[in-house]
Student: 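I have a structure here, written as structure tokens, and I will follow up with some questions on it.
Just so you know, ligand 1 is whichever comes first in the structure, and atom 1 is the first atom listed for that ligand.
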Amino acid sequence: MTTHQSFNPFHMAQTQFDGVAELIDLDDSTKQLLREPLREYSFAIPVRMDSGSTQVFRGFRVQHSDARGPCKGGIRFHPQESLDTVRALAMWMSWKTAVVDIPLGGGKGGVICDPHNLSSREQEQLCRGWVRQIAKNVGPTIDVPAPDVMTSAQHMLWMLDEFEVIHGAKYPGFITGKPVGMGGSLGRKEATGYGVIFTVREALRQLDLRAEDTTASVQGFGNVAQHAIRLFTQLGGTVVCVSSWDQQDQTSYAFVKTDGIDLDQLVAITNSFGGIDKSKAADLGYKVLSGDLWLEQEVDILLPCALENQLNATNVDRIASRVKLIAEGANGPTTPEADQAIKSRNIFLIPDFVANAGGVTCSYFEQVQSNMNYFWEKDEVLDKLDAAMTSAFLSVSDLARKQEIYTRDAAYVIAIDRVARAAQDRGWC
Ligand code: GLU
């Protein structure tokens, strides 16, 4: 995966915001309020390790905006986590909940750690420690966490349990992405990846392309990528390349099969963090190439579903000439410099906070079901998700077409306008 010493996701999020604030002539006080987080927390989490020693981890929670409802957003476990990354991700959550028009704000959390190197018991202690440090500043009506990079339903359940022990009652609305049967929603696991493909399906319609005639290359092989591949394949599309991070070699590899990868076969040789076993893949006939070659594949669609800063000034020119559509399953995968190149090549871009909004939309459905204590069938959840994603995508693409602006700018115009209006109507600015 490409990393840049100087890359700062929060500066990137602010640059994107500033450009659109100017475009819509946002007044100064609202601009000041929205270009910084409302509140942020940074704290130490001491964990008694299996060895008997204590290790101190750093945890964060950033609440960017609660003008439209309680803050909402995931918690990431990542060795390169930083406060600025969490700030950017919290801001993007505000735009995400606004663009799909759900009554929530934006927040994000993280812990600097590498769960590859932590036992299950150590991870449980880390989850409980994170909640203990922030228990008074989060909750169903304040700020609602969820899974993100390298966190799962099990982590959410440990966090919920700790929160309920501290507060002495049941609060299933405190956190989403819980296991099904423990307050979780059917379809939540699939929601982000499926949501990406609901928007891809609509974009293909506008490009006058049939999914059956298209190929895709996917960066990442975690939960989002796997479910995106599943639905894209069900629609008749062919995925010819996936890339996955190799923990041992500290680099990523592209796994290529020109007649189409077999998802279940690859999932069977993948660890819980999305790492594919290289030698087993080679035995199964995959071409295994080191580096970010996923973006050079001659495909119609690129699906970056890993981390931020993956399409940037240094590699955007290597995007293959055939690519017509990019749908961002990850948060912040494309830098503003790469955006310029994508725009000038006329590649249709479905921006991150639209393309990957399926997760938080289903989290909202999970909250609704938890509050009613009545759970819906999976089909009902996915139908509602499809309707919400399709409507968000269409409002963005309509505005982009009418105003002849880039799709990312159109999505920002809609989202910033909604958050700004909520803050102004409350009399904050
Ligand atoms: N972590 C996911 C995201 O970035 C989901 C957030 C949520 O469900 O609150 O959108």
Side-chain angles (χ1 to χ4, degrees), residues 9 13 60-66 68-78 81 85-100 102-111 138-140 142-153 155-157 159-160 172-179 183-196 198-199 220 222-225 227-228 274 304-308 327-333 350-370 381 384-385 388-389 392 411 415:
F60 308 107
R61 186 72 186 173
V62 174
Q63 298 169 346
H64 172 261
S65 171
D66 56 12
R68 302 183 78 251
C71 296
K72 185 82 192 83
I75 302 172
R76 311 203 311 178
F77 282 180
H78 200 276
E81 198 61 289
T85 311
V86 182
R87 284 176 175 138
L89 291 160
M91 191 193 255
W92 286 325
M93 283 309 303
S94 295
W95 315 139
K96 197 181 298 192
T97 52
V99 86
V100 280
I102 53 180
L104 295 164
K108 201 73 158 204
V111 178
V138 290
I142 304 171
D143 181 5
V144 182
D148 203 287
V149 171
M150 290 204 271
T151 52
S152 66
H155 296 111
M156 299 306 108
L157 187 55
M159 289 183 168
L160 175 71
F174 157 59
I175 206 160
T176 60
K178 301 180 289 294
S185 173
L186 290 167
R188 177 63 185 82
K189 205 166 36 120
E190 294 85 350
T192 313
Y194 277 24
V196 172
F198 292 144
T199 66
N223 181 53
V224 179
H227 288 101
C305 297
L307 288 175
E308 57 279 357
E328 299 177 327
N331 292 309
I350 312 176
D352 49 3
F353 65 87
V354 180
N356 70 32
V360 75
T361 304
C362 195
S363 279
Y364 166 59
F365 297 155
E366 180 177 330
Q367 276 192 307
V368 172
Q369 295 169 80
S370 285
V381 176
K384 283 186 163 70
L385 181 67
M389 294 299 294

Student: Under a 4.0 angstrom heavy-atom cut-off, which atoms of ligand 1 come close to K96?
Tutor: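 The atoms of ligand 1 under 4.0 Å from a heavy atom of K96 are 3 (C), 4 (O), 10 (O).
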Student: Assess, by modelled atom type and distance only, whether the side chains of S65 and S94 contain a donor and an acceptor separated by less than 3.5 Å.
Tutor: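 S94 and S65 do not have a side-chain donor-acceptor pair below 3.5 Å.
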Student: Only one of I102, T361, L104, N356 clears side-chain contact (heavy atoms from CB on, under 4.5 Å) with K96; which?
Tutor: N356
Student: Run R76 and E308 through salt bridge (Lys or Arg N to Asp or Glu O under 4.0 Å) and show every step you take.
Tutor: CA-CA 13 Å; R76 311 203 311 178; E308 57 279 357; 3.2 Å; yes
Student: Give the residue, atom name and distance (to 0.1 Å) of the protein heavy atom nearest atom 7 (C) of ligand 1.
Tutor: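 For atom 7 (C) of ligand 1, the nearest protein heavy atom is A146 CB, 3.3 Å.
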Student: What's the separation between atom CE in M156 and atom NZ in K178, rounded to the nearest 0.5 Å?
Tutor: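 Going from CE on M156 over to NZ on K178, the span is 10.5 Å.
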Student: Could you tell me if K108 and T85 have a donor-acceptor pair between their side chains, going purely by distance under 3.5 Å?
Tutor: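 No - no donor-acceptor pair under 3.5 Å links their side chains.
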Student: Please could you name the atoms of ligand 1 that K108 approaches to less than 4.0 Å, counting only its heavy atoms?
Tutor: 1 (N), 3 (C), 4 (O)
Student: Can you name the atoms of ligand 1, numbered from 1 with element, that are less than 4.0 Å from a heavy atom of N331?
Tutor: 4 (O)
Student: Counting from 1, what ligand 1 atoms have a heavy atom of G359 closer than 4.0 Å?
Tutor: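 Every atom of ligand 1 under 4.0 Å from some heavy atom of G359: 8 (O).
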Student: Considering non-hydrogen atoms of the protein only, which is the closest contact for atom 1 (N) of ligand 1, and what is the distance?
Tutor: D148 OD2, 2.7 Å
Student: Which bit of R188 is near ligand 1, meaning a heavy atom under 4.0 Å away: side chain, backbone, both or neither?
Tutor: side chain
Student: I'd like to check which ligand 1 atoms, numbered from 1 as shown, lie under 4.0 Å from a non-hydrogen atom of K72.
Tutor: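 The atoms of ligand 1 under 4.0 Å from a heavy atom of K72 are 7 (C), 8 (O), 9 (O).
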Student: For a side chain to side chain contact (heavy atoms under 4.5 Å, CB included) check, start with the C-alpha distance between L307 and H78, then their side-chain angles and the critical distance, and finish with the verdict.
Tutor: CA-CA 11 Å; L307 288 175; H78 200 276; 3.7 Å; yes
Student: V144 and Q367: which non-hydrogen atoms are nearest, and at how many Å?
Tutor: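 Closest approach of V144 to Q367, heavy atoms only: CG2-NE2, 3.4 Å.
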Student: What is the closest protein heavy atom to atom 8 (O) of ligand 1, and at what distance does it sit?
Tutor: S363 OG, 2.5 Å
Student: Short list, please: which atoms of ligand 1 are under 4.0 Å from a heavy atom of G73?
Tutor: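 Listed by number with element: 9 (O).
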Student: Show the atoms of ligand 1 that are less than 4.0 angstrom away from any heavy atom in M93.
Tutor: 3 (C), 4 (O), 6 (C), 10 (O)
